[in-house]
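See below for the structure under consideration.
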Amino acid sequence: MPIARGTFEVNMEPGPPFLEQDGVTLNRNAVRKEFSGDMAGTSEAQMLAAFTGTPGSAGYVAIEHFTGSVDGKPGSFVLQHNGVMNKGDAQLTVTIVPDSGTGELAGISGTMELNNDEGQHSYVLDYEQA
């Protein structure tokens with residue numbers, strides 16, 4: 001499988017909580033990213049997050065639409081995020097939504113790893129095309 005690597009800048013616009021009950025807070029965030037490296041382009045996402053009263057325990061889901069190019073092939077696709085933190089132990093799965101690819105990225109599938117090293121965001125996209 002080909003692998004695309006690079007960095008991204010992220011801008012998050014948190015919305016006000018839409019539920020605060022029993023020590024749990026739920027909110028929605030607008031997220032915009034600018035990718036460089038093997039993926040070049042921008043994305044927009046909507047994220048729903050849940051924060052608990054226990055430090056380091058939370059969860060989020062998001063749908064992200066990327067437009068740009070991967071390894072020089074132009075098009076777009078959708079990523080689905082599922083993240084959970086259990087007392088600081090983080091698990092994140094980011095998957096390309098099947099059949100969401102357009103242009104020269106039609107038929108793309110795979111997963112993405114996101115990293116944050118002291119504020120520097122990077123990605124590794126492990127993908128294939130049908």
Evaluation steps, side chain to side chain donor-acceptor pair (under 3.5 Å), between D71 and Y127: CA-CA 11 Å; D71 289 330; Y127 74 98; 2.5 Å; yes

All salt bridge (charged side-chain N to carboxylate O under 4.0 Å, His left out) counterparts of R28, not counting sequence neighbours: none

Beyond-backbone contact of I63 with Q80, side-chain heavy atoms, under 4.5 angstrom: yes

Non-hydrogen atoms of N29 and A49 that approach each other most closely: ND2-CB, 4.2 Å

Flag side-chain contact, heavy atom, 4.5 Å: Q129 against E104: no

Candidate pair S57 and T52, rule side chain to side chain donor-acceptor pair (under 3.5 Å), full reasoning: CA-CA 6 Å; S57 291; T52 72; 4.5 Å; no

Test item: side-chain donor near acceptor, T111 and T95, under 3.5 Å: no

Salt-bridge criterion met for K33 and E44 (N-O under 4.0 Å): no

Any side-chain heavy-atom pair of L19 and T25 under 4.5 Å: no

Distance-only polar pair, side chains of T102 and S76, donor-acceptor under 3.5 Å: yes

Nearest-0.5 Å distance, CD1 of residue I96 to OG of residue S109: 6.5 Å

Close side-chain approach of V124 to I3, heavy-atom, < 4.5 Å: yes

Flag side-chain contact, heavy atom, 4.5 Å: T42 against F66: no

Shortest non-hydrogen separation from P14 to N27 and the atoms involved: CB-ND2, 4.3 Å

Pairwise side-chain contact, K87 with T54, heavy-atom cut-off 4.5 Å (strictly under): yes

Neighbour count above 12 (heavy atom, 6.0 Å) for D99 CG: no

Hydrophobic cluster membership, V31 vs F51, 4.5 Å side-chain cutoff: no

Whether Y123 and F35 hold their rings parallel, tilted or perpendicular, with breakpoints at 30° and 60°: perpendicular

Smallest separation among heavy atoms of P2 and E128, with atom names: CD-CA, 4.3 Å

Backbone N/O of Q120 and side chain of D117: donor-acceptor pair under 3.5 Å: no

Interatomic distance, L125 atom CG to L79 atom CG [nearest 0.5 angstrom]: 7.5 Å

Separation between NE2 of H81 and OH of Y60, rounded to the nearest 0.5 Å: 5.0 Å

Ion pair R32/E9, N-O distance below 4.0 Å: no

Contact summary for V70 and A4, nearest pair of heavy atoms: CG1-CB, 4.1 Å

Contact check, side chains of M112 and M39, non-hydrogen atoms, under 4.5 Å: yes

Reported CZ-to-CG distance for the pair F18 and L26, which is rounded to 0.5 angstrom: 4.5 Å

